[in-house]
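Presented below is the structure to which this report refers.
Hydrogens, waters and symmetry mates are skipped; everything else that's a heavy atom, side chains included, is used.
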Number of protein chains: 2
Amino acid sequence: MRQSATAKKIMLSAEALFAEQGFAETTMREITSAANVNLAAVNYHFGSKKGLIAAVAEKYLTPLVTHLNDAIDERLLLKPDSTPTTEELLEMLMRTLLQVGKSKQFALPVFMRLLELIYMKNQDELRNAMIIRYRSAFAHFIELLRQDSAVMKDEEFFWRLHFLMGSIIFTLSNFQTLVALEMREFERAAEVEMTLHRMIPVLVAGLHARADSTPFSRL
Amino acid sequence: MRQSATAKKIMLSAEALFAEQGFAETTMREITSAANVNLAAVNYHFGSKKGLIAAVAEKYLTPLVTHLNDAIDERLLLKPDSTPTTEELLEMLMRTLLQVGKSKQFALPVFMRLLELIYMKNQDELRNAMIIRYRSAFAHFIELLRQDSAVMKDEEFFWRLHFLMGSIIFTLSNFQTLVALEMREFERAAEVEMTLHRMIPVLVAGLHARADSTPFSRL
DNA sequence: ATATGTTTGAAACGAATATTTGAAAATTAT
DNA sequence: ATAATTTTCAAATATTCGTTTCAAACATAT
């Protein structure tokens, strides 16, 4: 068998704990005791904590990028005469997130922790490894997004893309926190799917907004 | 004197290191050796590392909220017959960030680290203390933002507000990372002021976008 | 059955952390 | 000047972390 029962138990516990607490905040002792497994088992099966994180990342990101690129390819085949709109692309992205999220319980939080890891942490070698590993996988998606924003300069697009990513990462990364914040009552019934859908028109409008060339010195 | 020379040196070094690396990632030894001060000095003057963080937070957030609320009051006095638009309000916020950023060198990164602390970390007591301490200070600003988005439901506004915060926090929190990413060349000349200004029309458009009631099952 | 390779387990290791201690030094008050 | 108080300092303490060790248990093949 490709992965022993112990390794599977470790993976499952690690996914849940990583999703809930983040990578750095989760200790080996937490993982192994949650998995009812000896402390040394992680190092034995995955080499190190970083090896475990890399394994979790691989398990979650590979389905993500394949599903997203499949969706893109399908769209391009169905309507080969038109480039996909920003709305179409974002909907593909959200659908992909939800789709993988259905098959794997902790997919969404894990994705966000990984994005946090890539963007937030500064001196980690895991960061560079993951960038090298997955950058090209998203290249097509970004390129199509750029095509539908052709009117703006590269610089403007670069920043707006990151404003957009900020909304996505921040929102999903703090989803539990936000709904638990109980600033309002109705948030209790909030669901990820609705929130993702709610983001699309906001992101589209932001990405396509007229650039304001007025300097700050006004008013 | 209200604060000894040692305490001041600690504060200055801590601000710089916190801004650069984050709170958890900065050690007492780094702080004290950067300040040319004994390791025990932090505990003596601030009680604990958390006490030091709280002191830094107080030093930076108090000018922020007073300046922002001053700007709001001034605007309401100047044009008492109209409610401020979303664009006006966001511009006030950005100006406030920049203004405090000019008087205090590390203001912007420190703000973002604090927002990270408030939103990201889950079980910290510092988080709750800061929420209690500063929630009311931003209440007026949020309320005015709500008034200019009166057409949408509370739930919609709640989420769009957090999409917006996500863009701001994420972008400024990763400003150095993003410009250092050198995905493009021109990013080298990027400046915070321009980026903040660049965000305004994007955020306004996102906040005012037509809500899409179409469910995901389309297409 | 026996030998060989694989996995588990309890304990210890080494490095890094924040904090505490107690005496020396410096400052301040009398 | 002297005493009292405050501040500094080097060292020790306690805790937590990922990792390593090595013998025992287990599985598998011969």
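In this structure, B:Gln21 places its CD atom 15 Å from C1' of C:dT17, rounding to the nearest Å. With rounding to whole Å, A:Met28 atom CE is found 14 Å from C:dC13 atom C1'. The distance from atom CZ of B:Arg29 to atom C1' of C:dT20 is 13 Å, rounded to the nearest whole Å. When the P atom of C:dA18 is taken as reference, atom CG of B:Leu17 falls 12 Å away, rounded to whole Å. In this structure, A:Glu30 atom CD and D:dT15 atom C1' are separated by 15 Å, rounded to whole Å.
Taking a 4.0 Å limit (strictly below) on heavy-atom distances, residues 51-58 of chain B does not reach DNA chain D anywhere. Contacts between residues 37-48 of chain B and DNA chain D, counted as heavy-atom distances below 4.0 Å, involve B:Asn38, B:Ala40, B:Tyr44, B:His45.
For the residue pair B:His162 and A:Thr171, no side-chain donor N or O sits within less than 3.5 Å of a side-chain acceptor on the partner. Using modelled atom types, one finds a donor on one side chain and an acceptor on the other under 3.5 Å when comparing B:Thr62 with B:Glu58.
Using cut-offs of 30° and 60° on the angle between ring planes, the pair B:Phe111 and B:Tyr60 is perpendicular.
Both B:Lys49 and A:Asn36 sit near DNA chain C, but only A:Asn36 has its closest nucleotide nearer the 5' end.
B:Asp73 CG to B:His140 NE2: the interatomic distance, rounded to the nearest 0.5 Å, is 7.0 Å. The distance from the CD atom of A:Glu91 to the CG atom of A:Leu98 is 10.0 Å, given to the nearest 0.5 Å.
Residue contacts shown for B:Thr26 are limited to sugar-phosphate atoms, with no base heavy atom under 4.0 Å away.
Remark: A:Phe23 pairs with A:Phe18 by the ring pair (Phe, Tyr, Trp, His ring centres under 6.0 Å) rule, at least two apart or across chains.
Listed for the B:Asn43 side chain is no donor-acceptor partner under 3.5 Å among the backbone atoms of B:Ser48.
Under the salt bridge (charged side-chain N to carboxylate O under 4.0 Å, His left out) rule, A:Glu15 has a single partner from A:Lys59, A:Arg113, A:Lys104, A:Lys9, which is A:Lys59.
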